[in-house]
Asks: 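Would you mind keeping the following structure in view while I ask a few things?
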Amino acid sequence: MIQIRRFSFLLLTVSLITLGLIGGFFACSYTMGNSDPAGSSSQTAMVWVSKENYDGLVDLASRYSKAEALREYISDTYYTEVDQDQLLEGIYYGLFAALEDPYSQYLSEEQFENMMINATGDYSGIGITMSPTDDYAHVYAAGVTEGAPAEEAGVRVNDLILKVDGVAYTGDELSECASHARGEAGTKVVLTLQRGDQVFDVELTRRRIQANTVKSELLEDGIGYIQITSFEDPTYSDFKKALTGLEDSGAIGFVLDIRNNGGGVVTSAIKVADELLDKATVVYTEDHDGNREYYTTKDGKTSLPFVLLVNGNSASASEILAAGIQDNAAAPLVGTTTYGKGIVQSIKQLSDGSAIKITTSAYFTPSGQNIHGVGIEPDIELEYDYETAEQTGDDNQVNKAIEILEQKIAAE
C-alpha cells in the first residue's frame, strides 16, 4: 500500500530569496500559517538548505504554483461555495486523464471497492458485466449472468445501457454506472436500454449475485462445452471442476468458449492455460525500462483435444489465453478477431482508501507480438450468424468448432 500524507500546502511561500551562497548552501525564508491582513497569525522563519534541496524547491514552485493559483482563484471567484477536497480529487483524476489512456485512472475509495467486488464476483445487484463501447460514448452489457435478474428480464449481451434510474452514463463513467446498478438485495433499479433502434426501460429487483463465470455441459457424440464469461478469483477452480467433470464423463473433446469475455484477473487466465498447455510460455510483459516478466505453464495438460472460440469482445486476459494457445499450437481458434488490449495495469491502494490503476507494461505473445489495437486473428474466420441464432437458437460458431473437433479425432 502506498502511503500518502495530506499537505496543507501552506505554500511555504518559498520566497526563495537568496541571501547568499555559502559553502553550497542557500538561506531561504518561508511563511507558515494562515496569514491575515494584519499578519498576526503568520510567522516568518529562516532555514539553511543545500543547493540540491533549494533547486528542488524552485522546481516544485515552478511546477505546482500555477495549480495552486488556479485553486485559489476558483475558491475566491466561483459563484457558490467550493469543496476543497473535491478540487483536490479533480487534480488527481486530471493527472491520469492527461495520459490519454482509458485504462489508467485515479480511483476514489468507492470506485476501488467496486473494482474489487467485480474481481470476487460476489455482490448484490442485477448480474450484468459492463464495459465501455470502443468510443467510450456508452456503456454496454458485455455479459449477463445466468439466472440473474438481468437475464430473467431479457437483457442481452451487447445491449447499450443508456441510463440507470434515469441517470445517463458514458463509458468514462463505467465505475459509477456499475456502482449505481448494484445495491441492497430486494431494492429495485430501472435500466434504460438500447437494442438496435429500440430504446426501452427494464425494471429489475436486485439480489445477491454469486457470479458463476464457468458453464459446462456434455453435448451429443461425446463433445463437451465449457464457457468462461470472465476471469475472476474463483474462475480457475470452477474451470478445473468443469474440465474434470467432462473427463470423468467420457468426453472425447471439448469446445472452450471465451467469446464476449472481457478479461479480468490475469493470474486466473494463466492457471486455466496451465490445464491446456504443457510446459510453455503463455505471455511475457515488458515495462518502459525493458524489464521482462514471463508467465509460464508446467507439464500436465488435459489429454482432451479442444477448439477455442473467440470474438471481438474477447479482450485482455482472454487474449492472453488465446495467444498462448495459438502460439503453442495447442488448439485452433475459431471466430472473429479479438478486441486488441495488449497492455497491463497495476493497481495500488493508497492509505486513505483510494487507489490508482496505471498501465505499467505491454504484454507480448510467445512469438513476440504485441496485439494492442490489433487483436488476435483466429485460425478459422467465421462471423456469428445472428439471424439463424434468433430463429432457431443454432450457434454456427459452436457447430464449426464441433466439426473441427470431430475431424481431428477421426484423423487420430
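Heavy atoms only: backbone and side chains are in, while hydrogens, waters and symmetry mates are out.
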Asks: Rounded to the nearest 0.5 Å, what separates atom CD1 in I258 from atom CG in N311?
Replies: 9.0 Å
Asks: State the CG-CG distance between D233 and D238, to the nearest 0.5 angstrom.
Replies: 11.0 Å
Asks: Between E232 and S230, is any side-chain donor less than 3.5 angstrom from a side-chain acceptor?
Replies: yes
Asks: Begin with the C-alpha distance, continue with both residues' side-chain angles, and end with the deciding distance and a verdict on side chain to side chain contact (heavy atoms under 4.5 Å, CB included) for V272 and F231.
Replies: CA-CA 9 Å; V272 169; F231 289 100; 4.1 Å; yes
Asks: May I have all residue pairs that pass ring pair (Phe, Tyr, Trp, His ring centres under 6.0 Å) and include part of residues 260-288, sequence neighbours excluded?
Replies: Y284-Y294, Y284-F364
Asks: Counting distance only, does the side-chain N/O of S237 pair as donor-acceptor with the main-chain N or O of P234 below 3.5 Å?
Replies: yes
Asks: I need the minimum non-hydrogen distance between A141 and V155, along with the two atoms involved.
Replies: CB-CG1, 4.5 Å
Asks: Would you say L87 and I74 make side-chain contact, with heavy atoms under 4.5 Å?
Replies: yes
Asks: Please check if the side chain of Q349 supplies one atom and the backbone of F112 the other of a donor-acceptor pair under 3.5 Å.
Replies: no
Asks: Side chains of Y140 and Q194: do they bring a donor and an acceptor to under 3.5 Å?
Replies: no
Asks: Side chains of D327 and S367: any donor to acceptor distance under 3.5 Å?
Replies: yes
Asks: For the residue pair D201 and T192, confirm or rule out a side-chain donor-acceptor distance under 3.5 Å.
Replies: yes
Asks: Is it the case that R206 and T187 place a side-chain donor and acceptor less than 3.5 Å from each other?
Replies: yes
Asks: Enter the distance from D172:CG to C177:SG here, rounded to the nearest 0.5 Å.
Replies: 12.0 Å
Asks: Would you say that N212 contacts V214 through its side chain, given a criterion of any heavy-atom pair below 4.5 Å between the two side chains?
Replies: yes
Asks: Work out which heavy atom in A269 is nearest to a heavy atom in A317; give both atom names and the distance.
Replies: CB-O, 3.7 Å
Asks: Just by distance, do the side chain of D55 and the backbone of E52 share a donor-acceptor pair under 3.5 Å?
Replies: no
Asks: Do D278 side-chain atoms and G300 backbone N/O form a donor-acceptor pair below 3.5 Å?
Replies: yes
Asks: Applying side chain to side chain contact (heavy atoms under 4.5 Å, CB included), name anything that partners E217, two or more places apart in sequence or on another chain.
Replies: L219, Y225
Asks: Could you pull out every donor-acceptor pair under 3.5 Å between side chains of residues 331-339 and any protein atom, sequence neighbours left out?
Replies:
| unit_1 | atom_1 | unit_2 | atom_2 | d |
| --- | --- | --- | --- | --- |
| T336 | OG1 | G312 | N | 3.4 |
| T338 | OG1 | E319 | OE2 | 2.7 |
| T338 | OG1 | I376 | N | 2.7 |

Asks: Taking the side chain as C-beta and beyond, is there a heavy-atom pair between E247 and L304 under 4.5 Å?
Replies: yes
Asks: Would you check if I228 and T235 make a side-chain contact, meaning some heavy-atom pair closer than 4.5 Å?
Replies: yes
Asks: Looking at G147, is its backbone amide N or carbonyl O close enough to the side chain of E151 to form a donor-acceptor pair, meaning the two atoms are under 3.5 Å apart?
Replies: yes
Asks: Do I404 and I380 pass the side chain to side chain contact (heavy atoms under 4.5 Å, CB included) test, and can you show the C-alpha distance, the side-chain angles, and the key distance before you say yes or no?
Replies: CA-CA 10 Å; I404 293 169; I380 296 93; 3.8 Å; yes
Asks: Given side chain to side chain contact (heavy atoms under 4.5 Å, CB included), test V144 with T129 step by step and report yes or no.
Replies: CA-CA 6 Å; V144 180; T129 300; over 6 Å; no
Asks: Look up atom OG in S179 and atom CE in M130, then write down how far apart they are to the nearest 0.5 Å.
Replies: 10.0 Å
Asks: Shortest non-hydrogen contact from P102 to Y136?
Replies: CB-OH, 3.1 Å
Asks: Kindly say whether Y363 contributes a backbone atom to a donor-acceptor pair with the side chain of N370 at under 3.5 angstrom?
Replies: yes
Asks: Between I320 and V282, is there a side-chain heavy-atom distance shorter than 4.5 Å?
Replies: yes
Asks: Do Q111 side-chain atoms and S108 backbone N/O form a donor-acceptor pair below 3.5 Å?
Replies: yes
Asks: Using side-chain heavy atoms (C-beta onward) and a distance below 4.5 Å, is D59 in contact with Y64?
Replies: no
Asks: Under 3.5 Å, is there a donor-acceptor pair between the side chain of E173 and the main chain of T170?
Replies: yes
Asks: Tell me yes or no: between the side chains of Q84 and S75, is some donor less than 3.5 Å from an acceptor?
Replies: yes
Asks: Taking the six-membered ring of Y103 as reference, does the cationic atom of K341 (NZ for Lys, CZ for Arg) lie under 6.0 Å from its centre and within 45° of its axis?
Replies: yes
Asks: Does a donor on one side chain and an acceptor on the other come within less than 3.5 Å for Y169 and H180?
Replies: yes
Asks: Can you establish whether the number of heavy atoms outside E110 located under 6.0 Å from its atom CD is more than 12?
Replies: no
Asks: Between the side chains of T302 and E275, is a donor N or O closer than 3.5 angstrom to an acceptor N or O?
Replies: no
Asks: Is a donor on one side and an acceptor on the other found under 3.5 Å between the side chain of Q397 and the backbone of L382?
Replies: yes
Asks: In this structure, are over 12 heavy atoms from other groups packed under 6.0 Å from E383 atom CD?
Replies: no
Asks: Which atoms form the tightest heavy-atom contact between A323 and T365, and what is the distance?
Replies: CB-CG2, 3.5 Å
Asks: For a quick check under 3.5 Å, do N261 and N313 share a side-chain donor-acceptor pair by atom type?
Replies: no
Asks: How many angstroms lie between atom CD of Q227 and atom CG of D257, to the nearest 0.5 angstrom?
Replies: 5.0 Å
Asks: With a 4.5 Å limit on heavy-atom distance, are the side chains of R207 and P149 in contact?
Replies: yes
Asks: Taking all non-hydrogen atoms of both residues into account, name the closest pair between S314 and R259 and its distance.
Replies: OG-CA, 3.6 Å
Asks: Sorted by first residue and then second, give each salt bridge (charged side-chain N to carboxylate O under 4.0 Å, His left out) pair with at least one member in residues 296-318; sequence neighbours left out.
Replies: D274-K298
Asks: Does anything in residues 232-278 form a ring pair (Phe, Tyr, Trp, His ring centres under 6.0 Å)? List the pairs, not counting sequence neighbours.
Replies: F254-F306
Asks: Regarding T359 and S104, do their side chains bring together a donor and an acceptor under 3.5 Å, going by distance alone?
Replies: yes
Asks: Check for a donor-acceptor pair, side chain of D385 on one end and backbone N or O of N396 on the other, with a separation under 3.5 Å.
Replies: no
Asks: List the atom of I409, the atom of I223, and the distance in Å for their closest heavy-atom pair.
Replies: CD1-CD1, 4.3 Å
Asks: What pairs of residues pass the ring pair (Phe, Tyr, Trp, His ring centres under 6.0 Å) test when at least one of them lies in residues 389-412, not counting sequence neighbours?
Replies: none
Asks: How many angstroms lie between atom CD of E387 and atom CG of D394, to the nearest 0.5 angstrom?
Replies: 13.0 Å
Asks: CD of E377: more than 12 outside heavy atoms within 6.0 angstrom?
Replies: no
Asks: Evaluate the side-chain proximity of I356 to F96: yes if any heavy-atom separation is below 4.5 Å, no if none is.
Replies: yes
Asks: Please assess V202 against V190 for the test side chain to side chain contact (heavy atoms under 4.5 Å, CB included), listing each intermediate value before the final yes or no.
Replies: CA-CA 6 Å; V202 176; V190 176; over 6 Å; no
